[in-house]
Every structure is written in C-alpha cells, then in structure tokens.
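Note on naming: letters A, B, ... go to the chains in the order of the sequence lines (proteins, then strands), and numbering restarts at 1 for each one. No experiment lies behind these values; they were computed from the predicted model shown.
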Protein chains: 2
Amino acid sequence: MATIYDVARRAEVSPATVSRVVNGHANVDPALAERVRTAMRELNYRPNAVARNLRRSRTTLWAVIIADIGNPFFTALVRGVEDVAQGAGYSVVLCNSDDDAGKEGQYVDAALAEQMAGVIISPSGDAANVNRLIEARVPVVVIDRQADDVRADTVLVDNEHAAELATTHLIESGYQRIACITGPHSVFTADQRLLGYRRALESHGRPFDPELVRYADFREQGGYRAMAALLTLRPRPDAVFAGNNLTTVGAMECLVDSGVQVPGEMGMVGFDDVPWAHLVRPSLTTVAQPTYELGRTAADLLSQRIANPDRAPSTITLNTKLQIRDSSVRGVDLRHGG
Amino acid sequence: MATIYDVARRAEVSPATVSRVVNGHANVDPALAERVRTAMRELNYRPNAVARNLRRSRTTLWAVIIADIGNPFFTALVRGVEDVAQGAGYSVVLCNSDDDAGKEGQYVDAALAEQMAGVIISPSGDAANVNRLIEARVPVVVIDRQADDVRADTVLVDNEHAAELATTHLIESGYQRIACITGPHSVFTADQRLLGYRRALESHGRPFDPELVRYADFREQGGYRAMAALLTLRPRPDAVFAGNNLTTVGAMECLVDSGVQVPGEMGMVGFDDVPWAHLVRPSLTTVAQPTYELGRTAADLLSQRIANPDRAPSTITLNTKLQIRDSSVRGVDLRHGG
DNA sequence: CTGAAAGCGCTAACAC
DNA sequence: GTGTTAGCGCTTTCAG
C-alpha cells in the first residue's frame, strides 16, 4: 500500500502537506492541493486508519454489544444507533454477546484494545464488564437493562409500570389465574417485569402464586417450555403475561400445538412487539417498545458523553404503549382471513 | 492508560520482555515472567491493539457486510461466521449496508482503512466495492450473491434449481396461473430465482407471462405491494412463488387482508424459511436454505484464503431443500390450532 | 534468555 | 503557507 510519504514524494511536497489535504485542513495552496490529489489518485492511496488512530489516540468506531442478534428488538435498536452514528461521523460495529458474560467480556476486551470511541451495551447479568469500560474511561451507554453498581448513562423503558398495566389489563378482561413467563433471574428487564406483574396482582387483591411464575431464557424455546409446564398445573392458568417477544412466540407455539384456544381458554399478553404480528392469529396484545428511539437516544447520549466526558450520568426512561389486540380479550374468537 | 514501558519499568525488565510475556512467546525466564505479570496486574495494563496492529500491519478483525440486518436470513448466517471466527482467533464486526451501494462503499472504506484481516460480503448490485477490496489484496469471501467480473471465493445456494423445483411443485399441485414475486433487478439471487421459475414453466409447456412477474424490494412491504398488484389482474393468478422470506411474509399479509384463502384460492411457496413459521397459518411451503452452514462455509473459506492468499478462488454451492407444508397443497384448508 | 533500537504510517507542534 | 521532526505503543530483528 502506498503511504503518505509515497504521495508526498510524487507530488513533491512534504508529508505534512499531504496530511493537511487528506484531512481537509485549510490554508493549503490550491495548486499544491491539486498536485497532491493527483498523486493520491495515481497511487491509489488510502489513508491507514490504524496509524492515524495510534497517532491521535482515538478512533471513529462505536461498539454496540447486544444480547441476541436473533431478536428483532435488538436489531431494530441498532438501526437507531446507526442513523445517529452516521450523522456524527462514527461507524458502528455490532457484537453479539448471546447473553453470555464470557463472550461479552471478550467483546469488551476488544473494544478496549481497539480504543473504540464509545460503547453501547445491553449488559448480561454481571456488572463487571461494564465497569471495566468505565474504569478505562471509555464513554459507555447502558441500554435496555440497568446494571446495579454502575454509574453510566442509561436508556430504559418503564418495564415495571408496563408490566403492571399489561397484567391489569388481563385482570380486567376477566381472567382469573394469570401466569407470568419472565426471563432469567439475573436479567434486569426480567426482574422488573415480574415486579410489575406482581404489583398488579396485589393491588387487585389477587394472591401471588410462585408456581405461576416461570423463568425462561429469553428465547422462543424457553417460552415454549415454560408454557408447556404451566399447562400441566391444576387448576390450569387461564392467562399468561410473557416477558419478551420471543418467549411470547414460543408460548403461542406451545398453545397451538396443545390445541388451547386463545383468547378463549387462555389470554395472552406479550412484552415487545412480535415481528410479522399481522400473520399471527389471533393478533397479539403486546407492550410495544420504542425500539428505534431507544437506539437513537442511546446514541445521542453517547455523542454527548464523548463531547463532555465529565458530566454526571443520566438515565432516560422511555414510555411503552399497551397495544390491545385480540389475544387478551374474551369474546373475540379464533379466526383467520380478512 | 499504562503502556508496555510502564510495565517494563515496574517489573525492571525491558519492554521487549514484557511484549514476549504478553504474547506468550516461549523462552522467558519464569521468574521474570511472573514479575511482569504482577506489574501488569498492578497497573491494570491492557495492550493497545491499535499500536500492535500498526506494528504488525495486520489485525484480528473480520468485517461481515450484509444487506439487511432486519432479515433473519442474514443474522442466522452471521452466527455461523461468528462461531468459526471465534475458533480462529478473530472478532467479527457486523456492518449493515441496507443494500445501498453508497453505505456499502463506506463500510468497505472502513474495512480498508482499518486494515481488517478479512471481509465477508453479500454485495449490493455493484461489483465495484468488492473489486476495491480485491485490488487492495484484502482477503474477501462473497456470500449469498455472485458478482459478475469478480474473482473471489464465493458461497452460494442452488438458487435457480431450487426455484425450479418450487415452481414445479406448484404446477404439480394443480395450480394454473403461477405468478412470481422476485427481488430487485440487479440482485443476483432475484435474477437466479426468476430464471428457475421461468425454466419450470417452460419445461412444463406453460407460457411465461411477464405480467405475472413482479420485482419487489426484498422487504415485507415490497411483497405486500407486489401481491396487491397481482390481485388486480384478470384472470387472477392462483399461485405465487415468492423470492425471499420477507416478501413471502408481505404477500401473505396482503392475502389475509384481502380475504384470499390460502392454499384454496392461492397457492404459495416462499424462498428461505420464515421465522416463527409455526405461528403462521396455513404453514408455509418454503425453500429452506442452510443459513448457518452458509456462514460457516464462508468463514472457513476466509480462513483458508488468509492462510494462503494466492490459491485460486473457489465457488461453493450449498443445497437447499423444498419443505412442503400446507400453503401449496390444495385440499388442505385453513385452520388454526393443533 | 534478555535488551537496545528501529520503525509501522500518520499527525501536530514548531520553525521558517 | 509549508517543511522538519518527534513520537503515538508496540514488535522484532539483531547483539550480546
């Protein structure tokens, strides 16, 4: 590869002048600049970002570390991040932690080693990885999940409140024995949503029955298995609040396979929209999250922190919206077609 | 941040020795090595990958440039890449081109500038971006789509053959007027699948009617609109072969909204599996692609090319499988539940 | 087995 | 307005 010295020699200027042209610094004689540009073209010169980054001690890459690349919630969020990043002159590299603290740690290592300009992360259980970033003074924004003992900018949704509304909606629709499929114990969103579920029950004078709570991984299969287990209970629950989009899908599949009618025999509310919801019958009542906005907000926060590393961290909570459709309203029955 | 010099000073050795310890080179006195490790821990030393990359003129990052991060086909593929990369000591950074040659070009620039160790790319129409990588001698594997005038390792599926089988299946199921929703003109997979569709018609003595072919973007909305347009034709088509997973979903939504019964009034075969297919009624007949294997294969090829940059490029074609379900078989009617 | 020293490609003082 | 030069942090000959 041609270097800046090759270009300088060919254009008969100094490397400094080439650098100025490359970086668009003012005060370069137009004639010289033109000579430099010609030389660059002739040599097919491409600046070496590695060298530049070393010299400047900074880069223009953001790492976005997400828990599940297969979950549309996270990919939608990434789009929001990307759009802001692009506008601010950063490139986004996406890292999939699979909710595994070890894999996450590796990506944090990489972000640190590569001197990434900033990191947006939805942390797996353990706060240690996030804290390593903070200690290294890497600008970081935590998204979707709050980590205890972490002082960082954070973007969340009103999980507990939304879960309470969703559960209340099931209660008000006349369901009696409402179960909850939540996520893994250590995951923030799972805990919060369970809390909301519980609060709704209690404020309506309903007993909280631990047997009706299932902890699934936040994947389809987890939802399926949890639902299957719930179906063995006697008396059987007659409604379910599912803690994320994929568990909702899994639970629905289980109900289809078991021939349980929704919403007649089983009411259903999910958290976060399910993709291709239009094709699912009955249409699903869900707590809709502003996924794209979540990404945008996190990216804005990251920009601001990079510009001003010393300001106090803030937490932004965005609002969700309960989308009432067919799966949670008795009297509406199964059907397909227009 | 602590540098290798700080560690050297503290451990009372030379920077070279620290470097040897960090990189696990043999032949370092165990006592010295221990002193170095202690010093690293005390100073919370983290190697600076930027400096290392500059010195070594190589990195341990792979870029995977995909056309649509919202399409499960691509995210599944990425998982295959990741697993191989991890085993080979590389990290994967994901870049979403949105099938836009401009955005793609930016990511190619970034990959070039950052001296990425290799690139896996599903190219948008234009071959120029891929050729820039090749000219710069960056190891590159083309995936999912073939680019003309590009000599690079390539991993594909048997698009044309699969499309032919899928269309033949519709013919043999008794459908008479079979339409095709394919992708944008310039996209390789769209062209190939259209070709297969056409071949099936011709080898069964059916006329090829251009009016029955619709070019949609490979998104849900494209499929919806194309289907809507097809429904206005008189006589109306009675079956559709849809060229990718999202167009299939879109087309199905349109049929649901229009009250057209599948498979009775309209037969349907899609290309690539639709996620949450179990929830979709009727269950969809699709051409299943080995997505994960596609990613693995591309990653293996990239490994090999990095190890041996001068070997001749090869093209690997993986086989798909026609999964016959309910949407393409008359006599099976709409239903829901187990 | 260890250390000294050069240099990867670029940028930014600083000098002219 | 332009050139000279030091040095970002690391690895890797080469000497010893």
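Put simply, B/Thr17 has a side-chain N or O that comes within less than 4.0 Å of OP1 or OP2 on C/dG3.
The separation between B/Gln115 atom CD and C/dC10 atom P is 9 Å, rounded to whole Å. Across the protein-nucleic acid pair, B/Leu54 atom CG and C/dC10 atom P stand 9 Å apart, rounded to whole Å. Rounded to whole angstrom, the span from the CZ atom of A/Arg55 across to the P atom of D/dT5 amounts to 15 Å. In this entry the distance linking CZ of B/Arg58 with C1' of D/dT12 reads 12 Å, nearest Å. When the C1' atom of C/dA5 is taken as reference, atom CD1 of B/Ile4 falls 14 Å away, rounded to whole Å. In this structure, the OH atom of B/Tyr5 is 13 Å from the P atom of C/dG3, given to the nearest Å. For A/Arg35 and D/dG3, the CZ to C1' distance is 13 Å, given to the nearest whole Å. Between the CG atom of A/Asn27 and the P atom of D/dG3 there is a distance of 14 Å, given to the nearest Å.
Residues in residues 296-312 of chain A take part in these side-chain hydrogen bond (donor to acceptor under 3.5 Å, both in side chains) pairs, two or more places apart or across chains: A/Arg137-A/Asp310, A/Asp153-A/Arg305, A/Gln304-A/Arg311. For residues 101-110 of chain A, the pairs satisfying side-chain hydrogen bond (donor to acceptor under 3.5 Å, both in side chains) are A/Asp98-A/Lys103, A/Glu104-A/Ser124, A/Glu104-A/Asn129, A/Gln106-B/Gln86, A/Asp109-A/Arg132, with sequence neighbours left out.
Across every non-hydrogen atom of A/Ala152 and A/Ile134, the tightest pair is CB-CD1, 3.8 Å. The two residues B/Trp62 and B/Ala299 make their nearest non-hydrogen contact at CH2-O, 3.7 Å.
Listed nucleotides D/dT2, D/dC10, C/dG9 differ in distance to A/Asn48; the shortest reach to its side chain belongs to C/dG9.
One finds a salt bridge joining A/Asp99 and A/Arg145 here, because a Lys/Arg side-chain nitrogen approaches an Asp/Glu carboxylate oxygen to under 4.0 Å. A salt bridge links A/Arg79 and B/Asp68; the closest N-O separation between the charged side-chain nitrogens and carboxylate oxygens is under 4.0 Å.
If one axis is set at each end of the helix from C/dC1-D/dG16 to C/dC16-D/dG1 from five pairs, those axes are 40° apart, to 10°.
Applying the side chain to side chain contact (heavy atoms under 4.5 Å, CB included) rule to A/Arg37 yields the partners A/Val21, A/Ala33, A/Glu34, A/Met40, A/Arg41; only residues at least two apart in sequence or on another chain are considered. Not counting sequence neighbours, the partners of B/Pro184 by the side chain to side chain contact (heavy atoms under 4.5 Å, CB included) test are B/Val187, B/Phe218.
Although no hydrogens or angles enter the test, the distance criterion places no donor-acceptor pair under 3.5 Å between the side chain of A/Asp191 and the main chain of A/Phe188. Although no hydrogens or angles enter the test, the distance criterion places a donor-acceptor pair under 3.5 Å between the side chain of B/Thr59 and the main chain of B/Ala117.
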Got a list of protein N/O to nucleotides 13-16 of chain D N/O distances below 3.5 Å?
none

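Contacts of A/Val50 with the nucleic acid, taken as non-hydrogen atoms under 4.0 Å apart, are absent. Residue A/Asn53 is out of contact with every strand shown, counting any heavy-atom pair closer than 4.0 Å. B/Thr3 comes within 4.0 angstrom of the backbone, heavy atoms only, and of no base. No engagement by A/Val22 is indicated, since no non-hydrogen atom pair under 4.0 Å with the nucleic acid exists.
Residue order along DNA chain C, read from the 5' end via each residue's closest nucleotide, puts B/Val13 first among B/Val13 and B/Ala51.
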